[in-house]
Amino acid sequence: MKKIKTVLMKFRILYKIELIFLAFRDYGRYKKSAYKLHKKKNYENLRAMITFHYHAIEKGLTNENLRLGFGKTAFKNLFSAMDLFVKNGYDVKDVRFQTALSVIDFYIKLHDENNFDITSTKTNFSKFEKYLSTDEFIGGKLLLEKNENKKKLDFYELALNRHSVRDYAKDKVDHDKVKNALSIASKTPSVCNRQPWHVYLTYDIELINKLLDLQHGIRNMANNVSGLIVVCSNNNYLAAGRERNQGFSDAGMYSMSLLYALEYENIAACPLNANFSLQTDKKIRKIMNIPKNQNVVMFITIGEFKSSYEVPVSQRDPLENYLTIL
């Protein structure tokens with residue numbers, strides 16, 4: 001028995017078997033939870049679907065080149081999710097549901113002001129309009145003014161006033177400020193201080209446009225992007241199967257630290273997901289020469305703040321919605 005165990009350890013077989021079981025368990029849990037992988041949608045599934053679609057509309061409202069009448073697919077999916085939410089008897093005073101109502105209401109008023117016909121949207125909204133609570137929830141967009149004194153803000157003010165910005169001024173960002181923000185983010189905690197992240201930075205506009213086209217999430221919403229940061233996790237710094245997700249956790253924390261650091265340096269930024277298909281992942285790796293030991297975790301576009309700029313409201317859940325005290 002001792003001999004068998006020695007052989008298993010020598011070839012790291014036990015570690016590999018454990019990884020298979022852990023990954024299979026992850027697969028089972030995720031398969032039963034993610035809303036696109038099962039038919040019956042629960043309360044949290046529908047809240048997520050509603051948020052996904054109303055936020056797509058919110059982002060469209062902030063587009064500098066706003067195209068009236070946009071968002072037909074988003075509205076179709078949003079109304080479908082809202083209809084199911086009501087049919088299932090869920091609370092229509094829920095913050096996500098109310099925010100969706102507010103975003104639609106904002107959208108309709110904007111089109112009315114511009115005398116643009118959106119009869120179908122109004123018709124679909126009519127059966128939900130009675131649930132809208134006035135002034136309690138806010139959805140739509142905000143007009144903000146550039147603040148030159150970000151470094152004088154305390155963390156509370158800095159964190160609560162950070163927004164994802166998609167339209168930038170034509171001026172180029174200060175490269176030294178970007179490097180300083182990257183250095184500040186290096187104080188992010190990580191598993192045993194192994195710091196399993198790797199950062200790619202480019203100011204090459206041709207390369208940036210190629211990568212953003214592949215990322216596909218900021219289509220026609222970003223103007224004058226000055227730079228692109230790609231945060232990866234490096235599996236070479238991790239151990240066995242139990243740490244299979246640690247690189248994503250640590251690189252994710254680094255990304256959030258970086259967003260705050262960029263804000264501190266008065267650099268506008270927008271985080272973008274890296275949820276790619278196998279084909280897209282392969283293309284991005286080839287273009288950027290990313291090795292197999294690294295996983296792409298996040299894209300972050302950066303640029304200079306305009307003197308005034310628009311951002312989605314991006315309403316947040318109240319604390320009691322997600323806090324469990326044991």
Side-chain angles (χ1 to χ4, degrees), residues 25-62 70-107 121 124-125 127-129 131-133 136-142 162-164 166 215-219 221 245 248-249 251-253 255-256 259 270-277 280 295-300 311-324:
R25 184 193 64 182
D26 290 346
Y27 164 77
R29 286 177 175 172
Y30 191 76
K31 179 172 66 85
K32 293 175 182 178
S33 304
Y35 61 78
K36 282 195 175 182
L37 299 181
H38 60 91
K39 288 185 179 179
K40 192 173 180 180
K41 313 301 182 197
N42 60 32
Y43 170 65
E44 290 167 330
N45 288 158
L46 289 171
R47 292 183 88 234
M49 292 168 69
I50 287 169
T51 307
F52 180 88
H53 298 302
Y54 85 61
H55 191 56
I57 296 163
E58 270 192 320
K59 288 186 289 186
L61 288 168
T62 67
F70 77 90
K72 290 180 181 177
T73 301
F75 273 115
K76 180 183 176 183
N77 294 324
L78 176 57
F79 284 128
S80 177
M82 290 172 70
D83 193 47
L84 196 53
F85 191 91
V86 173
K87 283 182 180 177
N88 286 355
Y90 297 136
D91 186 7
V92 294
K93 291 183 179 179
D94 176 88
V95 62
R96 308 281 186 102
F97 190 85
Q98 285 293 322
T99 303
L101 294 173
S102 182
V103 170
I104 300 167
D105 186 57
F106 188 102
Y107 180 95
T121 302
N124 285 317
F125 182 54
K127 63 179 175 180
F128 300 109
E129 194 172 6
Y131 303 124
L132 179 61
S133 299
E136 191 173 352
F137 300 102
I138 299 173
K141 63 180 178 179
L142 299 170
R162 192 210 70 79
H163 296 273
S164 295
R166 293 168 177 82
Q215 194 276 335
H216 212 56
I218 201 169
R219 290 173 295 173
M221 288 186 188
N245 296 319
F248 291 100
S249 299
M253 289 196 296
S255 298
M256 190 67 249
L259 287 168
C270 181
L272 304 169
N273 73 69
N275 305 324
F276 305 131
S277 66
T280 301
N295 293 315
V296 183
V297 175
M298 187 172 293
F299 279 27
I300 301 175
V311 297
V313 172
S314 300
Q315 181 75 30
R316 297 303 200 268
D317 281 355
L319 182 62
E320 57 268 23
N321 274 41
Y322 57 87
L323 174 65
T324 299

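Values below: all heavy atoms of this structure, side chains included; hydrogens, waters and symmetry mates excluded.
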Student check: side-chain heavy atoms of D317 and R47 closer than 4.5 Å: yes
Could you check Q315, E58, K141 and say which one makes a side-chain contact (heavy atoms from CB on, under 4.5 Å) with V103? E58
Roughly how far, to the nearest 0.5 Å, is CZ of F75 from OG1 of T121? 5.0 Å
In Å, rounded to the nearest 0.5 Å, how long is the span from CG of L78 to OG1 of T51? 9.5 Å
Step-by-step side-chain contact (heavy atoms from CB on, under 4.5 Å) determination, I104 to M82: CA-CA 12 Å; I104 300 167; M82 290 172 70; 3.9 Å; yes
Evaluate side-chain contact (heavy atoms from CB on, under 4.5 Å) for F52 paired with Y35, printing each intermediate quantity in order. CA-CA 12 Å; F52 180 88; Y35 61 78; 4.2 Å; yes
Shortest non-hydrogen separation from M298 to A274 and the atoms involved: N-CB, 4.1 Å
Could you check whether any side-chain heavy atom of K41 comes within less than 4.5 Å of a side-chain heavy atom of N88, counting everything from C-beta outward? no
Any donor-acceptor pair under 3.5 Å from K59 side chain to P312 backbone: no
Roughly how far, to the nearest 0.5 Å, is CG of L142 from CG of L61? 11.5 Å
Using modelled atom types and a 3.5 Å cut-off, is there a donor and acceptor pairing between side-chain atoms of Y90 and backbone atoms of L84? no
Verdict with supporting geometry, T280 and Q215, side-chain contact (heavy atoms from CB on, under 4.5 Å): CA-CA 8 Å; T280 301; Q215 194 276 335; over 6 Å; no
Nearest 0.5 Å, please: how far is OG in S314 from OH in Y54? 7.0 Å
CD (E44) and CZ (R96) are apart, to the nearest 0.5 Å, by 9.5 Å
The reported gap from CD1 in I300 to CE in M256 (rounded to nearest 0.5 angstrom) is 8.5 Å
Closer than 3.5 angstrom, by distance alone: can the side chain of D105 be matched with the main-chain N or O of S102 as a donor-acceptor pair? no
Only one of D91, D94, V92 forms a side-chain contact (heavy atoms from CB on, under 4.5 Å) with Y131, so which one is it? V92
Any sub-3.5 Å donor-acceptor pair from T99's side-chain atoms to V95's backbone N or O? yes
Can you name the nearest heavy-atom pair linking N45 to N42, along with the distance? N-OD1, 2.7 Å
Within a strict 4.5 Å, meaning less than it, do heavy atoms of the F97 and I50 side chains meet? yes
Ring centres under 6.0 angstrom apart (Y107, F125): no
Would F106 and I57 count as a side-chain contact (heavy atoms from CB on, under 4.5 Å) if you check the C-alpha gap in whole Å, the side-chain angles of each, and the deciding distance to 0.1 Å? CA-CA 10 Å; F106 188 102; I57 296 163; over 6 Å; no
Under 3.5 Å, side chain of H38 to main-chain N/O of K31, donor-acceptor pair present? no
Between F276 and V296 the two heavy atoms that sit nearest each other are CE1-CG1, 4.0 Å
How close do S164 and V311 get, counting heavy atoms only, and between which atoms? O-CG1, 3.7 Å
